[in-house]
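Owing to the predicted nature of the structure, the values given are computational and were not obtained by experimental measurement. Whatever order the structure lists them in is the order used to number ligands and atoms, beginning at 1.
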Amino acid sequence: MKKVLVTIIVMVVVMAAAALGVIYGGAYDVAASTSDSPLVRWALTTTRENAVKREAQGIEVPESVHQPDQALLRRGFVHYDDMCVTCHAAPGVDPGEIRAGLNPKPPRLARRASKRSLAELFWVSKHGIRMTGMPAWGETHSDEELWAVVAFVKHLPKLSAQEYAAMREQADNAGHQHEGHAH
Ligand code: HEC
């Protein structure tokens with residue numbers, strides 16, 4: 001019994017020393033240009049998937065977001081086109097150069113959004129995902145603005161490139177591009 005205990009203590013001390021060696025020695029490749037190993041990727045994405053699902057559980061989706069009207073979609077579009085398209089692209093719109101260098105890569109929301117509930121889209125948009133490039137937009141935008149963005153994001157998979165371009169033109173004509181925006 002005592003022998004087992006001593007062995008366990010020695011193992012814990014050795015593992016702690018090894019971990020501290022990695023941390024203080026900087027012996028882990030933190031480059032964004034290096035891909036994570038399959039095991040690390042699995043651990044991170046599984047944690048993210050389950051965390052987002054759990055966090056989204058208590059969120060109540062406003063009725064207007066379930067059945068968005070054109071005005072809400074237009075409001076969401078202006079924000080999306082301004083703040084999200086460089087990383088997440090859109091029908092007929094390539095992402096900016098920033099996407100190529102990001103690790104993990106931002107998903108194309110025109111494909112991904114249909115797999116996410118409105119509450120999940122809202123939670124991620126508001127709180128972001130730490131240690132990825134995904135910002136917490138709740139720092140600079142009200143819940144009301146973010147729900148408009150979420151309504152638009154959910155609508156993205158149904159939009160053609162022509163429809164996206166038409167919304168851009170409409171927004172430009174209305175001079176709404178930077179309405180209510182300090183950036
Ligand atoms: C600087 C780049 C960047 C910008 C700008 C950005 N995002 Fe992201 N976003 C990311 C990255 C990177 C991820 C993937 C994080 C991961 O893999 O864990 C992500 C993930 C997401 C997801 C989760 C996708 C999923 O189902 O896995 C949503 C939803 C999202 N972003 C919404 C938005 C919205 C809405 C905006 C604009 C208001 C926005 N993002 C702007 C980088 C960005």
Side-chain angles (χ1 to χ4, degrees), residues 29-62 64-66 68 71-159 163-164 167-168 171 176-183:
D29 185 358
V30 296
S33 53
T34 305
S35 303
D36 287 319
S37 69
L39 183 68
V40 170
R41 188 160 50 233
W42 169 81
L44 292 175
T45 54
T46 307
T47 306
R48 180 199 62 205
E49 291 302 294
N50 291 325
V52 169
K53 283 205 167 63
R54 190 176 55 79
E55 299 282 4
Q57 269 168 15
I59 296 176
E60 218 173 290
V61 180
S64 59
V65 179
H66 281 295
L72 190 69
L73 292 178
R74 270 202 297 274
R75 276 184 61 202
F77 167 82
V78 172
H79 290 295
Y80 187 88
D81 202 43
D82 201 20
M83 312 183 301
C84 321
V85 81
T86 47
C87 283
H88 290 292
V93 184
D94 286 334
E97 288 180 339
I98 192 170
R99 181 175 187 272
L102 282 171
N103 180 5
K105 284 235 184 328
R108 289 177 184 268
L109 290 178
R111 280 185 218 142
R112 184 69 70 90
S114 44
K115 299 194 181 81
R116 295 279 178 220
S117 72
L118 290 164
E120 286 165 10
L121 292 173
F122 179 79
W123 190 86
V124 175
S125 301
K126 181 166 175 171
H127 298 285
I129 300 181
R130 197 158 66 241
M131 295 185 84
T132 75
M134 176 57 192
W137 297 98
E139 299 291 317
T140 44
H141 292 76
S142 68
D143 280 8
E144 209 196 338
E145 287 169 318
L146 291 178
W147 278 120
V149 177
V150 165
F152 178 75
V153 168
K154 194 70 181 168
H155 187 67
L156 255 185
K158 294 181 214 142
L159 275 187
E163 286 167 325
Y164 193 91
M167 287 190 89
R168 250 191 188 169
H176 277 172
Q177 203 56 52
H178 294 283
E179 187 193 72
H181 259 203
H183 39 89

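Between the side chain of Lys126 and the main chain of Trp137, no donor-acceptor pair closer than 3.5 Å is present. Without hydrogens or angle criteria, Arg99 side chain to Pro106 main chain gives a donor-acceptor distance under 3.5 Å. Looking only at distances, a side-chain donor or acceptor of Glu145 sits under 3.5 Å from a matching main-chain atom of Ser142.
Atoms of ligand 1 lying under 4.0 Å from at least one heavy atom of Val149, given by number and element, are 35 (C). Those atoms of ligand 1 that come under 4.0 Å of a heavy atom in Met83, given as number and element, are 5 (C), 37 (C), 38 (C), 41 (C). Taking every non-hydrogen atom of Leu121 and a distance limit under 4.0 Å, the qualifying atoms of ligand 1 come out as 29 (C). Listed by number with element, the atoms of ligand 1 under 4.0 angstrom from any heavy atom of Arg112 are 25 (C), 26 (O), 27 (O). Near Pro104, the atoms of ligand 1 lying under 4.0 angstrom from a non-hydrogen atom of the residue are 12 (C), 16 (C), 17 (O).
In this structure, His155 and Phe152 have tilted ring planes: the angle between them lies in the 30° to 60° band.
Only the side chain of Arg48 comes within contact range of ligand 1, with a heavy atom under 4.0 Å; no backbone atom does.
Leu102 CG: more than 12 foreign heavy atoms inside a 6.0 Å radius.
For the pair Arg48/Leu44, no side-chain contact is recorded, criterion being any heavy-atom separation below 4.5 Å from C-beta on. Contact check for Pro157 versus Arg111: no side-chain heavy atoms found under the 4.5 Å cut-off.
Among all protein heavy atoms, the one lying closest to atom 26 (O) of ligand 1 is Arg116 NE, 2.3 Å. From the protein, the heavy atom lying nearest to atom 15 (C) of ligand 1 is Thr132 OG1, 3.7 Å.
Considering every non-hydrogen atom in both Leu72 and Ala148, the closest pair reads CD1-CB, 3.8 Å. In plain terms, the two heavy atoms of Lys154 and Ser114 that are nearest each other are NZ-O, 3.8 Å.
Counting only protein N, O or S atoms, the number found under 2.8 Å from atom 8 (Fe) of ligand 1 is 2.
Ion pair Arg116/Glu49 flagged as a salt bridge, since at least one NZ, NE, NH1 or NH2 atom sits closer than 4.0 Å to an Asp/Glu carboxylate oxygen.
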